[in-house]
Amino acid sequence: LDECSPALSVGVNLMLLPGVGFSFAVAGMTSPTGRCHTFDSAADGYVRGEACCAAVLAMGKESSGSGLSLLGSCVRQDGKSASLTAPNGQAQQALLRAALADGGVEPAALSAYEAHGTGTPLGDPIEVRSLAAAVLARRGGGVALAVGSIKANCGHAEPAAGANGLLRLQFSLCGAEAPPNAQLRALNPQVSAAV
């Protein structure tokens, strides 16, 4: 994050062309129920969502209190995977470790984690296994970590998903309350087995 500070992060997604959503539905990527069941045993695909959000990002020591204060950052590519909907767990673990290292943060210091959490039966367990290997295994027992995803509440905002999740995380930290994952009724057994 030392490349520039402060920075402006903006994300916008509008669903203006119905053909895009139709093609994703035909490909079996979106939920036929129209609900994103992140981490739930009913996970059956993601739900498209719209968003327009912006955040001023500054390093912790430079934060004026008017924007988000960051200790570090990391950008990575997901690497080789089986398909567009099958994330690469090793790449996700490397990203998490690098972000913690860049911020000089120990895993035990984390109180909340905003997951990608698309609500897919394959992607969610892979993400949770990556989180368990890179973060939870190094935390020690007894310290809770709130894990959630905004996609369960308002869908996948596609190019705006990162900024959308970042704002949800900020509001939950400022309010010292983790908002519930909508649609979470029965934890996916593959997710619970990962932790």
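Nothing here was measured: the structure is a model prediction, and the numbers come from that model. Computed from heavy atoms alone, side chains included, the values below leave out hydrogens, waters and symmetry copies.
- When all heavy atoms are compared, the tightest approach of R168 to N181 is NH2-OD1, 3.8 Å.
- With sequence neighbours left out, the salt bridge (Lys or Arg N to Asp or Glu O under 4.0 Å) criterion links R48 to E158.
- Within the 4.5 Å cutoff, the side chain of P87 has no heavy atoms near those of the S81 side chain.
- When atom types are taken as modelled, the side chain of D124 and the backbone of D40 share no donor-acceptor pair closer than 3.5 angstrom.
- The cluster map of Ile, Leu, Val, Met, Phe, Trp and Tyr, joined by side-chain heavy atoms under 4.5 Å apart, puts L96 and V147 in the same cluster.
- Considering NE2 of H116 and CG of L131, their distance stands at 14.0 Å, rounded to 0.5 Å.
- Between R139 and L110, some side-chain heavy-atom pair lies under the 4.5 Å cut-off.
- Between the CG atom in L57 and the OG atom in S73 there is a gap of 9.0 Å [rounded to 0.5 Å].
- Looking only at side-chain heavy atoms (C-beta outward), L167 and Q170 come within less than 4.5 Å of each other.
- V128 places none of its side-chain heavy atoms less than 4.5 Å from the side chain of N188.
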Between R97 and L100, does the side-chain contact (heavy atoms from CB on, under 4.5 Å) criterion hold? Intermediate values first, please.
CA-CA 5 Å; R97 289 184 181 113; L100 289 170; 5.9 Å; no
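- A distance of 11.0 Å separates CG in L184 from OG in S149, rounded to the nearest 0.5 Å.
- Among residues two or more places apart in sequence or in another chain, the ring pair (Phe, Tyr, Trp, His ring centres under 6.0 Å) test is passed with F39 by none.
- Ring geometry for F24 versus Y46: interplanar angle of 30 to 60°, hence tilted.
- Here the closest non-hydrogen pair linking Q190 and P121 is OE1-O, 4.3 Å.
- The side-chain heavy atoms of Q183 and T38, taken from C-beta on, include no pair separated by under 4.5 Å.
- When all heavy atoms are compared, the tightest approach of N164 to C154 is ND2-SG, 3.9 Å.
- Between the CD atom of Q92 and the CD1 atom of I126 there is a distance of 7.5 Å, given to the nearest 0.5 Å.
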